[in-house]
> 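The structure follows.
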Amino acid sequence: MSEKPIVALMYDFDRTLCTRDMQDYSFIPSLGMTEAAFWQATNEMWQNEHMDSVLAYMYAMVKLSRDKGVPILRENLVSNGRNVELFSGVESWFDRINIFGAENGVQIEHYIISSGMKEIIEGTSIAGSFKSIFACEFLYDENGGAVWPKTDVNYTNKTQFVYRINKGVLDVANDLDLNRSMPEDSKRVPFTNMIYIGDGLSDVPCMKMMKAYGGYSIAVYQKRDAKVEELLKKDRVDFIYPADYSEGTGLDITVKNIIRKMAVCDILEKENNRQLKELRVES
């Protein structure tokens with residue numbers, strides 16, 4: 001375990017770090033379809049079959065690809081990631097925040113918690129910035145073709161991955177340790193040292209979790225509208241900012257201020273614990 005306190009920054013991906021749904025850049029055009037047609041087909045399937053919405057889009061990806069004669073290969077999805085367009089400042093964000101954290105005596109870790117595709121995220125220029133990427137993923141057959149959802153990260157079960165980060169149980173196959181009782185002071189990343197950044201309603205469960213447990217949540221947007229404002233008005237999120245990660249923006253300044261506060265709180269907690277320990281020895 002690190003001697004420095006750990007601060008975890010957790011991000012949604014689509015419309016949080018990149019400008020559109022990640023399938024829109026390369027995957028959907030490869031089917032000869034428009035974005036509107038693909039997502040309409042997905043939504044109809046989801047509603048007509050009463051499916052989990054994320055499983056519906058994953059099934060639609062496989063079915064429509066087969067119908068078009070272009071089966072999904074893992075390597076192709078990864079290559080799709082090269083065409084993902086990131087918001088301003090994202091590519092330099094992680095190194096800048098890591099340096100800032102080190103200057104303030106904390107270790108920064110970055111995590112993705114996304115209902116998008118892990119394979120596509122792995123192909124982006126920023127994939128190496130994350131300690132773990134929790135996202136949807138396919139199981140592949142002996143020929144490398146996608147046959148079944150391996151991991152499904154829907155809007156509600158996103159909170160599972162916050163608990164995994166909290167306990168340091170990052171292997172999605174390890175449910176035993178995830179559900180094992182653990183003293184608060186032995187958890188790897190306290191909730192109070194967490195920041196969640198997302199773009200809207202799909203992130204509300206994680207945002208509310210941060211509010212409940214003493215962490216922070218930030219909603220980012222391309223265009224401010226009533227839905228974003230409602231998140232702040234209804235106390236579902238701590239801050240709202242344009243999705244601009246450049247140095248000196250409101251988002252950049254606020255995240256750094258939160259990290260600074262977390263670092264100071266950790267110092268004070270350690271001093272309190274030290275004094276209590278001394279008193280126990282004296283008594």
> When you look at R74 and E137, which way does the salt bridge (charged side-chain N to carboxylate O under 4.0 Å, His left out) test go after all the steps?
CA-CA 9 Å; R74 192 181 202 287; E137 187 174 9; 3.4 Å; yes
> May I have the step-by-step check of side-chain hydrogen bond (donor to acceptor under 3.5 Å, both in side chains) for T156 and N154, ending in yes or no?
CA-CA 6 Å; T156 302; N154 65 33; 4.7 Å; no
> Quick one, R96 with D252, criterion salt bridge (charged side-chain N to carboxylate O under 4.0 Å, His left out). Give me CA distance, side-chain angles, the key distance, then yes/no.
CA-CA 10 Å; R96 285 189 282 112; D252 176 74; 3.2 Å; yes
> Establish, for the pair K256 and F100, whether the NZ or CZ atom is under 6.0 angstrom from the six-membered ring centre and no further than 45 degrees off its axis.
yes
> Specify the closest pair of heavy atoms between N104 and R260, including all atoms of both residues, with the distance to one decimal.
OD1-CG, 3.9 Å
> When you compare the side chain of F87 with that of L17, does any pair of heavy atoms fall below 4.5 Å?
no
> Is any side-chain heavy atom of K158 closer than 4.5 Å to one of D203?
yes
> Which one of R164, K167, R180 satisfies the salt bridge (Lys or Arg N to Asp or Glu O under 4.0 Å) criterion with D175?
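Only match with D175 under salt bridge (Lys or Arg N to Asp or Glu O under 4.0 Å): R164.
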> Any non-hydrogen side-chain atom of I218 less than 4.5 Å from a side-chain atom of V255?
yes
> Report, as yes or no, whether the 6.0 Å neighbourhood of atom OH on Y155 holds more than 12 heavy atoms from other residues, nucleotides or ligands.
no
> Should the heavy atoms of other residues, nucleotides or ligands under 6.0 Å from CH2 of W39 be counted, would the total exceed 12?
yes
> Give the minimum heavy-atom separation between L77 and F27, together with the two atoms involved.
CD2-CD1, 4.1 Å
> Evaluate the criterion side-chain contact (heavy atoms from CB on, under 4.5 Å) for residue pair I197 and I195; output intermediate values, then yes/no.
CA-CA 7 Å; I197 302 176; I195 305 170; 4.2 Å; yes
> If the test is ring-ring contact (aromatic ring centres under 6.0 Å, His included), which one of Y245, F94, F134, W93 qualifies with H110?
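Only match with H110 under ring-ring contact (aromatic ring centres under 6.0 Å, His included): F94.
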> Around Y140, counting heavy atoms of other residues, nucleotides and ligands shown, do more than 12 lie under 6.0 Å from its OH?
yes
> Any non-hydrogen side-chain atom of V147 less than 4.5 Å from a side-chain atom of V62?
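Sidechains of V62 and V147: no contact.
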> Once you measure the plane-to-plane angle for F239 and Y241, does it fall in the parallel (<30°), tilted (30-60°) or perpendicular (>60°) bin?
parallel
> Does the salt bridge (charged side-chain N to carboxylate O under 4.0 Å, His left out) test come out yes or no for R274 and E271, once each step is laid out?
CA-CA 5 Å; R274 183 192 67 79; E271 176 62 13; 2.6 Å; yes
> What are the two closest non-hydrogen atoms of L86 and I126, and how far apart are they?
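The pair with the smallest heavy-atom distance is CD1-CG2, 3.8 Å.
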> Evaluate the side-chain proximity of Y196 to Y11: yes if any heavy-atom separation is below 4.5 Å, no if none is.
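No; the side chains remain at least 4.5 Å from each other.
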> Under 4.5 Å between any side-chain heavy atoms of Y213 and N166, yes or no?
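Sidechains of N166 and Y213: no contact.
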> Quick one: are M58 and W148 in side-chain contact, heavy atoms under 4.5 Å?
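M58 vs W148: side chains apart.
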> Can you find a heavy atom in the side chain of L9 that is under 4.5 Å from one in the side chain of E109?
no
> Shortest non-hydrogen contact from C18 to V84?
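Scanning both residues, the minimum pair turns out to be CB-CG1, 3.4 Å.
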> So which heavy atom on C136 is nearest to which on V153, and how close?
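Closest approach of C136 to V153: SG-N, 3.4 Å.
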> Is the NZ or CZ atom of R20 both under 6.0 Å from the centre of the six-membered ring of Y25 and within 45° of that ring's axis?
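Checked: cation-pi criterion met.
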